[in-house]
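First the structure, in the form of C-alpha cells, and then the observations on it.
Naming convention: chains lettered A, B, ... in sequence-line order (proteins, then strands); numbering from 1 in each chain.
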Amino acid sequence: MFNFEIKKTVGKARKGVLKTPHGEIKTPAFVPVATRGALKGLSFEDCSVLGSSIFMINTFHFYCRKEYETVERAGGLHDFLGIEYPLMTDSGGFQVFSLGAGRDQKTGKILSDAVIKNEGKRKGNVQIKEEGVLFRSPFDGSKVEITPEKSIEAQRKLGADLIFAFDECTSPLASYNYQKESLQRTHLWAERSLEAFKDEKKQAMFGIVQGGKFPDLREEGARFISSLPFFGFGIGGSFGESYGDSKKNMYSILELLSKNLPPEKPRHLLGIGEPEDVVESVFRGMDLFDCVIPTRFARHGTALTSKGRINITGAAYKEDSSPLDKSCSCQVCLGYKRSYLHHLARKKEIYGIILLSHHNLFFMLNLMEEIREAIENDNLKDLKRDFINKYRENN
RNA sequence: GCGGCCGUAGCUUAAUGGUAAAGCACUCGGUUGUGGUCCGAGAGCAUGCGGGUUCGAGUCCCGUCGGUCGCC
C-alpha cells in the first residue's frame, strides 16, 4: 500500500513518487498545513486545484481535549473531513516545545536575533521525563500528558496515511549536554513509537532525526533512526541560533544527513520553510516539506513573490495598481491590484486572507512543480541560482 | 434662562501645583512540524481661547467659547 520510488536523481536532489492508500504524491512536494482540519481561508479542493496532493494535520490540536476520539468515531480523518486526499499527522512533539518552552522563551523554531538570551533550559509549565511530557494545555490550562504510546494511539485513531514518531524538539538555545541527553530520549521514544505502531497496515511511520545545531549529534541521530524500520524520516528541530546562522547551519547539516540516511527512503524536512530554504534543501536531498508560511504569512499580510516577500499592508502599496507579482500566473495576480489587497489586509477583511493564502500557496506549489521539472531536465542548479538571486533582490 | 460636570496627540483616557504619559490608530521590522497571535523599534508641532494668582498652572481663580446632563 505504501511505496516510495525515486525516478531520477541529480546530484543529491531526487525526484520521485510516494504512494499511499489515498493517492500518489510527486516529490519533492510541499505539504500545506491544516492544523485543526482546515486550511484557514481555503478549501482542500481549492488547494488541490493549486497543485497540492497531500495535507498535514496536527495531532496536538486533536489531542488536548481528546477530539481524536470524536474523529475515530466519525470513521477517521478522511471520513470526518469528507476528503480523499493523502494526509499526514505530526506527533505533537513540536507543540510541546512551541507552545511550552518556546513560548516561555519567546522564541520559535528559528531564533530571532533579538531574543538570544538565557540558557537553553526549559522552564515554566513543561516537564520532560523519560516516560513522556507533562504540561499545561494552552487551550484551557488543564494538565496534559503525552507519551510516545499516547501520541501513536491518537495518530492511529486519527488515521492519516503518514504519521510521525513522538520526539522531543529542543530549543535553539539548548546546550550541547542538554541536546545530547534529549537525543537519547528521542531515540528511546522512537523505539517505543514503533512498538506502539506494530502490525499497523493502513498507515506508514516516519522516524524523526534530532540533534539540534550540533553536527555530531545530528549524525548520531541519523545513524540511529535509520537503523530502525521506519518507512521514512523526518528531520526536525532547530539548526542554529541567529537567523542567518540557522539557515547556513541547516544547509550544512542537511548535506551531512543526506550522506547518513538510506537513499531509498523519503525524507521530510519538518516545518521548513521559506521558498529559498525549500530550494536549497531539495538541492541537498530533501523530498517533503510542510510549513505554515504560505498561510500564516497571508494572515499577516505578507505575500511571497519572485522578488522576495512583501508586506502588502505597507503604506507604499496604498495606491499601487500593479499585481502582487508580475511574473505570477495565479488568479489573484491576474485579477487584483496591490492597492485592493492592501485595503483588504488593512481592514482585516477575511477576503484579504483568502486572496493572499491563495496566492502564497500557488507560489509554493508552483515552485515545487518547477523544481520537479528542473530535476527532470537536469537544470536544478540553474533554477537554484536564478531563483535565489531574484528572490533576494528586494530583501 | 438657571445650575452641575467635562474640554489633554487622529481616537479613548492618565498626570499631590514641579520634565505632559499610555493604549489604539499611524510608520518600519520580525514570525519556518499554525494562536488572524504576539513581539520589537519609530514618528508624533496635544493641555479649547483670553486674563489672573504663583518661583512654577493641564491642575487654583475670573471671563469666554464648545460639549453634556439636570431644572423651569
Side-chain angles (χ1 to χ4, degrees), chain A residues 30-42 55-62 64 88-100 102-117 137-140 151 155 160 162-170 172 206 208-210 233-240 242-244 246-247 250 268-278 280-281 288-302 304 309-311 313-318 344-354 356-357 360 364 395:
Chain A
F30 182 81
V31 186
V33 182
T35 312
R36 301 169 196 260
L39 292 153
K40 298 175 184 181
L42 282 180
F55 302 93
M56 166 79 89
I57 289 176
N58 286 89
T59 299
F60 183 86
H61 295 75
F62 283 89
C64 288
M88 47 175 39
T89 50
D90 71 349
S91 64
F94 178 74
Q95 282 73 30
V96 172
F97 158 71
S98 68
L99 302 177
R103 180 180 287 185
D104 292 340
Q105 292 172 352
K106 294 187 177 179
T107 183
K109 183 186 181 82
I110 290 179
L111 202 58
S112 69
D113 293 332
V115 295
I116 299 174
K117 58 185 176 185
S137 163
F139 307 120
D140 61 12
S151 169
Q155 292 191 73
L162 301 168
I163 75 172
F164 284 90
F166 187 64
D167 65 326
E168 180 184 353
C169 181
T170 52
F206 282 54
I208 299 180
V209 177
Q210 285 288 351
F233 306 102
I235 289 113
S238 56
F239 299 91
S242 76
Y243 185 73
S246 177
K247 278 181 185 286
M250 177 170 82
H268 182 114
L269 184 55
L270 286 154
I272 302 293
E274 284 187 70
E276 56 177 340
D277 294 333
V278 169
E280 295 280 6
S281 302
L288 293 155
F289 305 86
D290 70 281
C291 191
V292 301
I293 275 185
T295 44
R296 181 187 287 171
F297 274 18
R299 271 175 269 129
H300 298 172
T302 297
L304 304 172
R309 57 166 103 153
I310 63 172
N311 190 322
T313 60
Y317 307 112
K318 189 175 180 185
L344 292 175
R346 277 296 184 107
K347 299 298 181 286
K348 300 190 191 297
E349 282 289 345
I350 293 171
Y351 195 46
I353 292 172
I354 293 172
L356 280 184
S357 299
N360 283 350
M364 282 307 302
N395 287 26

B:rU47 to B:rC5 separation - P atoms, rounded to the nearest Å: 24 Å
Separation of B:rG33 C1' from A:F239 CZ (nearest whole Å): 11 Å
Scan the side chains in residues 32-42 of chain A for donor-acceptor partners under 3.5 Å anywhere in the protein, sequence neighbours excluded, and list what turns up.
none

Nearest-angstrom distance, C1' atom, B:rU68 to B:rA9: 23 Å
Pairwise P distance, B:rG58 and B:rG51 [rounded to whole Å]: 14 Å
Nearest-nucleotide pick for A:D167, side chain only, options being B:rG36, B:rU27, B:rG33: B:rG33
Sugar-phosphate, base or nothing in reach of A:L269, heavy atoms under 4.0 Å: nothing
Closest-nucleotide ordering on RNA chain B, the 5'-leading residue of A:I350 and A:G273: A:G273
P atoms of B:rC24 and B:rC71, separation to the nearest Å: 40 Å
Below 4.0 Å: OP1/OP2 of B:rC26 and any side-chain N or O of A:R346: yes
Interatomic distance, A:F97 CZ vs B:rU32 P [rounded to whole Å]: 9 Å
B:rC38 pyrimidine/purine six-ring stacking with A:H300, under 5.5 Å and 30°: no
Nearest-Å distance for atom pair CG/P, residues A:D277 and B:rG33: 11 Å
Sugar-phosphate only, base, or nothing, as touched by A:H61 at under 4.0 Å among non-hydrogen atoms: sugar-phosphate
Side chain of A:C291 (C-beta onward), nearest among B:rG35, B:rC26, B:rU32: B:rU32
P-based separation of B:rA43 from B:rG23 [nearest Å]: 14 Å
Donor-acceptor pair under 3.5 Å, A:Q155 side chain vs B:rG33 base: no
Sugar-phosphate only, base, or nothing, as touched by A:S91 at under 4.0 Å among non-hydrogen atoms: base
Protein-nucleotide distance (A:M56, atom CE; B:rU32, atom C1'), rounded to Å: 12 Å
Sugar-phosphate only, base, or nothing, as touched by A:Q210 at under 4.0 Å among non-hydrogen atoms: base
d(CZ, A:R299; C1', B:rU31) in whole Å: 11 Å
Whether A:H268 and A:F206 hold their rings parallel, tilted or perpendicular, with breakpoints at 30° and 60°: perpendicular
Rounded distance (Å) that lies between atom P of B:rG40 and atom CG of A:N311: 18 Å
Proximity to the side chain of A:I293 - top-ranked nucleotide from B:rU32, B:rG30, B:rG33: B:rU32
Ring geometry between A:F139 and A:H61 (parallel below 30°, tilted from 30 to 60°, perpendicular above 60°): tilted
Whole angstrom value for the distance that separates P of B:rG33 from CG of A:D90: 10 Å
A:K247 with A:E280: basic N within carboxylate O range, under 4.0 Å: no
Candidate nucleotides B:rG33, B:rG36, B:rU31, ranked by approach to the side chain of A:R309 - the nearest: B:rU31
Nucleotide of B:rU32, B:rG33, B:rG36 approaching A:K40 most closely (side-chain heavy atoms): B:rG36
Between B:rA14 and B:rU8 - C1' atom distance, rounded Å: 9 Å
Sugar-phosphate, base or nothing in reach of A:G314, heavy atoms under 4.0 Å: sugar-phosphate
Each stem that RNA chain B is part of, given as range with range (3 or more consecutive Watson-Crick or G-U pairs, under 3.5 Å): B:1-7 with B:65-71, B:10-13 with B:21-24, B:26-30 with B:38-42, B:48-52 with B:60-64
Might you list the N or O atoms of the protein lying below 3.5 Å from N or O atoms in nucleotides 43-45 of chain B, with each pair's distance?
none

Selected nucleotide, minimal atom distance to A:A315 side chain, candidates B:rG36, B:rC28, B:rC26: B:rC28
